[in-house]
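Contents: one structure, followed by commentary.
All residue numbers in this chain count up from 1 along the given sequence. Fair warning: this is a prediction, and the values are worked out from it, not measured in the lab.
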Amino acid sequence: MNHKEFNLFCSTFLATTHVVQWGNSDVWKVAGKVFAIGSHSKVLTPAFTFKTSDLNFEFLSHKDGYIPAPYLASRGMKWIQQTATDGELDEELRYYLSESYRIVAGGLSKKKQKELGIIPTTSTI
């Protein structure tokens, strides 16, 4: 996945905003809360960072193509960076970006979720 594909995918989630910050990184947020970061690794290849569950953090921390996210993981946060961006892990990346969005959006208050249209305001039952 390249940065253009990353940005296009992240733009499909409801109520998101995109800013460029932290050394020219593409930062995606929902209600001001970061769920994905597109940047470059130490060797200047694309690197994509996302929030994970505790279980996925443990699993991905030891899987080829992924590392605990610099700065974030060292502070105890469950963020992973995908460093293998040759296309082989694109499907996995889309899944983990979706999960990151779900985790961050799910942490918003129900009122905020309704305001943003993330959950329905009325039941259809």
Side-chain angles (χ1 to χ4, degrees):
M1 184 175 287
N2 61 39
H3 285 280
K4 184 178 179 180
E5 294 165 328
F6 167 81
N7 286 327
L8 183 61
F9 183 74
C10 289
S11 73
T12 64
F13 296 107
L14 292 175
T16 60
T17 56
H18 170 255
V19 295
V20 177
Q21 63 187 79
W22 303 325
N24 208 28
S25 295
D26 291 301
V27 180
W28 285 90
K29 302 177 182 184
V30 57
K33 308 281 186 188
V34 176
F35 73 93
I37 305 166
S39 59
H40 289 90
S41 69
K42 290 181 182 179
V43 294
L44 301 179
T45 58
F48 303 110
T49 304
F50 49 88
K51 188 170 186 156
T52 66
S53 66
D54 292 347
L55 186 60
N56 281 336
F57 181 82
E58 291 306 316
F59 171 70
L60 293 173
S61 292
H62 305 288
K63 186 175 179 190
D64 288 342
Y66 299 92
I67 60 171
Y71 309 110
L72 298 169
S74 66
R75 289 166 174 73
M77 295 181 247
K78 304 299 184 198
W79 286 74
I80 288 288
Q81 186 174 83
Q82 185 193 63
T83 56
T85 55
D86 58 5
E88 188 175 315
L89 299 176
D90 284 2
E91 188 175 331
E92 283 184 21
L93 180 58
R94 283 190 276 285
Y95 167 79
Y96 288 118
L97 291 171
S98 298
E99 282 297 293
S100 182
Y101 174 83
R102 185 190 61 75
I103 291 167
V104 174
L108 301 172
S109 70
K110 296 297 180 199
K111 179 180 177 183
K112 189 66 166 175
Q113 289 177 23
K114 285 180 185 179
E115 269 177 37
L116 296 173
I118 295 172
I119 58 173
T121 55
T122 59
S123 176
T124 58
I125 300 176

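- In the displayed structure, Asp64 atom CG is contacted under 6.0 Å by at most 12 heavy atoms of other residues, nucleotides or ligands.
- At a threshold of 4.0 Å, the pair Glu115-Lys112 counts as salt-bridged, since one of the basic side-chain nitrogens sits closer than that to a carboxylate oxygen.
- Atom CG in Asn56 sits 7.5 Å away from atom CD1 in Ile103 (nearest 0.5 Å).
- Taken together through direct or relayed side-chain contacts under 4.5 Å among Ile, Leu, Val, Met, Phe, Trp and Tyr, Ile118 and Phe9 form part of one hydrophobic cluster.
- Looking only at side-chain heavy atoms (C-beta outward), Phe59 and Thr52 stay at 4.5 Å or farther from each other.
- Note: Ser100 OG to Tyr95 OH = 11.5 Å, rounded to the nearest 0.5 Å.
- Atom-to-atom distance recorded for Thr12:OG1 and Leu14:CG is 8.5 Å, nearest 0.5 angstrom.
- Between the CG atom of Leu89 and the OG1 atom of Thr83 there is a distance of 8.5 Å, given to the nearest 0.5 Å.
- For Val30 against Ala105, the heavy-atom pair with the smallest separation is CG1-N, 4.1 Å.
- In this structure, Phe57 and Met77 approach most closely via the heavy-atom pair CE1-O, 4.1 Å.
- Taking all atoms of both residues into account, the shortest heavy-atom contact from Pro46 to Met1 is CB-O, 4.3 Å.
- Of the possible polar contacts, none joining the Gln82 side chain to the Phe48 backbone as a donor-acceptor pair under 3.5 Å is found.
- His40 places no side-chain N or O within donor-acceptor distance of the main-chain N or O of Ala47, the cut-off being under 3.5 Å.
- Heavy-atom minimum distance, Thr49 versus Ala69: CG2-CB, 3.6 Å.
- Judged purely by atom type and a 3.5 angstrom limit, Tyr101 has no side-chain atom pairing as donor or acceptor with the backbone of Cys10.
- Taking the six-membered ring for Trp and thresholds of 30 and 60 degrees, Tyr96 and Tyr66 have ring planes more than 60 degrees apart, a perpendicular arrangement.
- The shortest heavy-atom contact between Ile37 and Val34 is CG1-CG1, 3.8 Å.
- In this structure, the separation between CZ on Phe35 and CZ on Phe50 is 12.5 Å, given to the nearest 0.5 Å.
- Val104 and Phe6 fall within a single hydrophobic cluster, where Ile, Leu, Val, Met, Phe, Trp and Tyr side chains are chained together by heavy-atom contacts under 4.5 Å.
- Under the 3.5 Å distance criterion, the side-chain polar atoms of Ser61 are left unmatched by any main-chain donor or acceptor of Pro68.
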Donor-acceptor list for residues 20-27 side chains, cut-off 3.5 Å, not counting sequence neighbours:
{"unit_1": "Gln21", "atom_1": "OE1", "unit_2": "Lys29", "atom_2": "NZ", "d": "3.4"}
{"unit_1": "Ser25", "atom_1": "OG", "unit_2": "Trp22", "atom_2": "O", "d": "3.1"}
{"unit_1": "Asp26", "atom_1": "OD1", "unit_2": "His18", "atom_2": "NE2", "d": "2.8"}
{"unit_1": "Asp26", "atom_1": "OD2", "unit_2": "Asn7", "atom_2": "ND2", "d": "3.3"}

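- Between Lys63 and Glu92, the closest side-chain pair of non-hydrogen atoms falls below 4.5 Å.
- Shown here is Glu88, whose CD atom has no more than 12 heavy atoms of other residues, nucleotides or ligands within 6.0 Å.
- Glu5 places a side-chain N or O within 3.5 Å of a backbone atom of Asn2 that can act as its donor or acceptor partner.
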Dump the intermediate steps for salt bridge (charged side-chain N to carboxylate O under 4.0 Å, His left out) on Arg102 and Glu99, then the final yes or no. CA-CA 5 Å; Arg102 185 190 61 75; Glu99 282 297 293; 2.8 Å; yes
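- In the hydrophobic clustering of ILVMFWY residues, with side-chain heavy atoms under 4.5 Å counting as a link, Leu116 and Trp28 come out together.
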